[in-house]
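Data first, discussion second: the structure below is written as structure tokens.
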Amino acid sequence: MKLYLVRHGQTDFNAGDIAQGVTDVPLNETGKAQARELAQQVAKMDFDAYYVSPLTRARQTAELITEGKPQFIVDELLKERSFGELEGTKVDWGEVGDIFDRRVNFSGYGIEPIQDLLRRSQIFLEKLKANHRPDDRILIVAHGALLRTMHFNIVGYDDNTDFPAFRFQNCEMREYTI
């Protein structure tokens with residue numbers, strides 16, 4: 001099965017380095033332009049299924065990159081990681097703690113622990129395997145932290161994995177085989 005993972009386009013929170021998480025923020029004009037640019041690549045591709053996070057920024061990106069043609073399956077498992085009390089604030093992540101260290105599993109400020117996010121993305125991947133054929137091509141539009149954990153659930157990780165070093169840029173698409 002081929003998965004095409006896309007991070008949503010830019011929002012004002014992204015542009016301002018503001019913790020976003022599950023706060024439902026729309027795309028800004030740059031994010032819409034990024035999605036329209038990615039649409040040129042997506043238009044040349046065929047997919048058997050389409051999944052999207054329920055958050056507005058992901059849904060807007062999905063609609064723009066596919067020009068509104070397919071019917072996306074909205075899946076709660078694709079929501080972004082909750083950043084709890086920090087959402088809506090400009091955060092110095094170095095002062096907060098290592099929120100991506102799997103061993104520490106940080107949950108201060110009401111942040112969703114990284115192990116919970118890894119588990120959630122793994123459940124989604126298992127759901128895909130159970131509901132789709134091995135040769136299906138699937139487009140998934142979601143969020144940075146969620147896609148990061150999905151990446152590591154696909155390629156593997158251990159106690160020395162540097163989770164923060166891997167990032168999806170806004171409106172970046174990556175291909176995986178599972």
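- Side-chain contact between Val42 and Thr66 is present, with heavy atoms from C-beta onward closer than 4.5 Å.
- In this structure, OG in Ser82 is found 12.0 Å from CD in Gln20, a value given to the nearest 0.5 Å.
- Using a 4.0 Å cut-off between charged side-chain N and carboxylate O, Arg103 and Asp98 make no salt bridge.
- Taking the side chain as every heavy atom from C-beta outward, Asp12 and Asn14 never approach each other to under 4.5 Å.
- The shortest distance between side-chain heavy atoms of Ile65 and Val141 falls below 4.5 Å.
- Considering every non-hydrogen atom in both Gly21 and Leu55, the closest pair reads O-CD1, 3.9 Å.
- Using modelled atom types, one side-chain atom of Asp24 and one backbone atom of Thr56 make a donor-acceptor pair closer than 3.5 Å.
- Nearest approach of Ala142 to Ser53, heavy atoms of both residues: CA-CB, 4.3 Å.
- The closest donor-acceptor contact from the side chain of Thr61 to the backbone of Gly9 lies under 3.5 Å.
- Checked for salt-bridge contact, Asp46 and Arg137 miss the test: no charged N lies under 4.0 Å from a carboxylate O.
- Results of the side chain to side chain contact (heavy atoms under 4.5 Å, CB included) test with His143 over Arg148, Arg57, Arg7, Arg81 single out Arg57 as the only residue that passes.
- The distance from the CD1 atom of Ile18 to the OG1 atom of Thr11 is 8.5 Å, given to the nearest 0.5 Å.
- Pairing each heavy atom of Leu117 with each of Ala145, the nearest pair is CD2-O, 3.6 Å.
- When side chains are defined from C-beta on, Arg102 does not count as touching Thr161, because their heavy atoms never get closer than 4.5 Å.
- Atom CG of Asn105 sits about 6.5 Å away from atom CG of Asp116, to the nearest 0.5 Å.
- In this structure, the separation between CG on Asp48 and CG on Asp135 is 7.0 Å, given to the nearest 0.5 Å.
- Between the side chain of Glu87 and the main chain of Thr23, a donor-acceptor pair closer than 3.5 Å is present.
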Original post:
Going through the checks in order, is the side-chain contact (heavy atoms from CB on, under 4.5 Å) test met by Lys127 and His132?
Top reply: CA-CA 8 Å; Lys127 187 171 153 180; His132 293 282; over 6 Å; no
Original post:
Passes side-chain contact (heavy atoms from CB on, under 4.5 Å), Tyr176 versus Val155? Steps please.
Top reply: CA-CA 9 Å; Tyr176 295 85; Val155 303; 4.3 Å; yes
**OP:** Begin with the C-alpha distance, continue with both residues' side-chain angles, and end with the deciding distance and a verdict on side-chain contact (heavy atoms from CB on, under 4.5 Å) for Asp75 and Val52.
**Re:** CA-CA 6 Å; Asp75 196 309; Val52 68; over 6 Å; no
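- Rounded to the nearest 0.5 angstrom, Ile99 CD1 and Phe83 CZ are separated by 4.5 Å.
- Aromatic pair Phe72/Tyr51: centroids not less than 6.0 angstrom apart.
- Considering every non-hydrogen atom in both Leu86 and Thr89, the closest pair reads O-OG1, 2.5 Å.
- A chain of hydrophobic side-chain contacts below 4.5 Å, direct or via other Ile, Leu, Val, Met, Phe, Trp or Tyr residues, connects Ile114 to Leu125.
- Cluster annotation: Leu128 is not connected to Val6 through the hydrophobic network of ILVMFWY side chains, with a link wherever side-chain heavy atoms come within less than 4.5 Å.
- Looking at heavy atoms from C-beta onward, Val96 lies in side-chain contact with Tyr109 at the 4.5 angstrom threshold.
- Between Phe166 and Phe152, the ring planes lie perpendicular to each other; the angle is over 60°, past the 30° to 60° tilted range.
- When atom types are taken as modelled, the side chain of Asp136 and the backbone of Met1 share no donor-acceptor pair closer than 3.5 angstrom.
- The two atoms that bring Tyr50 and Pro70 nearest to each other are CE1-CB, 3.3 Å, heavy atoms only.
- The backbone N or O of Gln169 lies less than 3.5 Å from a partner atom in the side chain of Glu172, making a donor-acceptor pair.
- Heavy atoms only, all atoms of each residue included: Val91 and Ala19 are closest at CG2-CB, 4.0 Å.
- Tested against Arg120, the residues Glu112, Glu76, Glu126 include a single salt bridge (Lys or Arg N to Asp or Glu O under 4.0 Å) partner, Glu112.
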Original post:
How far apart are the C-alpha atoms of Met173 and Leu5, what are their side-chain angles, what is the distance that settles it, and do they pass the side-chain contact (heavy atoms from CB on, under 4.5 Å) test?
Top reply: CA-CA 5 Å; Met173 179 169 62; Leu5 307 183; over 6 Å; no
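- Considering CZ of Arg174 and CD1 of Ile154, their distance stands at 11.5 Å, rounded to 0.5 Å.
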Subject >> Worked check of ring-ring contact (aromatic ring centres under 6.0 Å, His included) between Phe100 and Phe106 >> reply: CA-CA 8 Å; Phe100 284 102; Phe106 186 85; over 10 Å; no
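- Side-chain atoms of Thr177 and Lys2 form a donor-acceptor pair, as typed in the model, at a separation below 3.5 Å.
- Between the side chains of Gln10 and Asn28, at least one donor-acceptor pair of N or O atoms lies under 3.5 Å.
- No side-chain donor-acceptor contact under 3.5 Å links Glu175 to the backbone of Leu3.
- With hydrophobic clusters built from ILVMFWY side chains whose heavy atoms lie under 4.5 angstrom apart, Phe124 does not share a cluster with Leu139.
- Here the side chains of Pro54 and Lys79 are in contact, with some heavy-atom distance below 4.5 Å.
- Within the 3.5 Å criterion, the main-chain N or O of Leu27 finds a donor-acceptor partner in the side chain of Gln60.
- Both Val74 and Tyr4 are part of a single hydrophobic cluster, where members link through side-chain heavy atoms under 4.5 Å apart.
- Asn153 is not listed as a side-chain neighbour of Met150, based on a closest heavy-atom distance of 4.5 Å or more.
- The hydrophobic clustering, which links ILVMFWY residues whose side-chain heavy atoms are closer than 4.5 Å, places Met45 and Phe168 apart.
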